[in-house]
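Just the heavy atoms: all of them, side chains too, but no hydrogens, waters or symmetry mates, feed the values below.
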Amino acid sequence: MTTFLLATVMFLSTVGSSLAQIAPPWRHQVAPLQTSEILVGGVPLTVELAYQPADLQRGLGYRDGLAPGTGMLFLFEQPAPRSFWMKGMRFCLDIIWIQDGVIQGASESVCPDASDIEDADRPTQKSPVPVSYVLEVPAGWMAENGVTTGTPVENLPYLVKTEEQQP
């Protein structure tokens with residue numbers, strides 16, 4: 001009996017470690033991001049804050065979705081034209097361009113690209129004006145909440161350089 005139990009445990013641990021190696025590397029590397037509460041046209045939204053280079057690059061890629069009432073807010077130091085793509089995405093999004101506490105435009109119901117598409121051929125979504133914030137929420141969120149261009153966004157966090165980041 002002891003031999004059977006030992007063999008079973010060894011087998012299960014081997015299978016478990018093999019499955020862990022199959023899982024994509026991001027599953028093991030994604031640390032929880034800091035969150036903040038914002039109001040978009042008076043609608044409360046809990047957003048993960050993406051401002052570190054790795055978080056800005058990965059965004060919501062390789063996730064299966066977002067919980068209701070949540071999104072991801074990308075923060076940049078200064079307004080600039082922004083361009084986003086859907087690499088690694090598994091669900092559709094509304095991409096909202098924000099500057100000066102107001103929605104400047106949006107790319108609504110943007111869906112994932114085909115998995116075999118080359119990066120150079122991926123379509124991009126571009127901000128209509130230079131922005132410091134980009135908000136990603138599940139597709140249809142804007143329509144469901146009556147949010148459009150010109151809608152105010154309150155409680156936006158600021159990205160402040162620390163002394164270590166100063167040139």
Close side-chain approach of V40 and V153, heavy atoms under 4.5 Å = yes

inquiry  = Atom CD of residue position Q57 - does it have more than 12 heavy atoms of other residues, nucleotides or ligands inside 6.0 Å?
reply    = no

Show every donor-acceptor pair shorter than 3.5 Å between a side-chain atom in residues 106-119 and any protein atom, with sequence neighbours excluded, or say none if there are none.
| residue | atom | partner | partner atom | Å |
| --- | --- | --- | --- | --- |
| S107 | OG | Q125 | OE1 | 3.2 |
| D113 | OD2 | R122 | NH1 | 3.1 |
| D119 | OD1 | K87 | NZ | 3.4 |
| D119 | OD1 | R122 | NE | 2.9 |
| D119 | OD2 | K87 | NZ | 2.8 |

ask   = Can you find a heavy atom in the side chain of W141 that is under 4.5 Å from one in the side chain of V147?
value = yes

inquiry  = Quick one, W97 and V134 - any side-chain contact, counting heavy atoms below 4.5 Å?
reply    = yes

key: Reported CG-to-CG distance for the pair L75 and L156, which is rounded to 0.5 angstrom   = 8.0 Å

request  = Give, for atom CG of L60 and atom CE of M86, the distance between the pair rounded to the nearest 0.5 Å.
outcome  = 9.0 Å

inquiry  = I need the minimum non-hydrogen distance between L135 and V47, along with the two atoms involved.
reply    = CD1-CG1, 3.7 Å

ask   = Say you draw a straight line from CZ of F91 to CG of L66; how long is it, rounded to the nearest 0.5 Å?
value = 4.0 Å

query = Heavy atoms, side chains only, cut-off 4.5 Å: are P152 and L39 in contact?
reply = no

Distance-only criterion, 3.5 Å: show the donor-acceptor pairs between side-chain atoms of residues 67-74 and protein atoms not counting sequence neighbours.
| residue | atom | partner | partner atom | Å |
| --- | --- | --- | --- | --- |
| T70 | OG1 | A67 | N | 3.3 |
| T70 | OG1 | A67 | O | 2.6 |

request  = Would you give the length of the straight line joining atom CD of Q52 to atom CZ of R58, rounded to the nearest 0.5 angstrom?
outcome  = 11.0 Å

query = Once you round to the nearest 0.5 Å, how far does CD1 of I96 lie from CG of L45?
reply = 8.0 Å

task = Output the distance between atom CH2 (W85) and atom CD1 (I95), rounded to the nearest 0.5 Å.
result = 13.0 Å

request  = Looking only at non-hydrogen atoms, find the nearest pair between P79 and S132 and report the distance.
outcome  = N-OG, 3.2 Å

No-hydrogen, no-angle side-chain donor-acceptor test under 3.5 Å, T35 and E48 = no

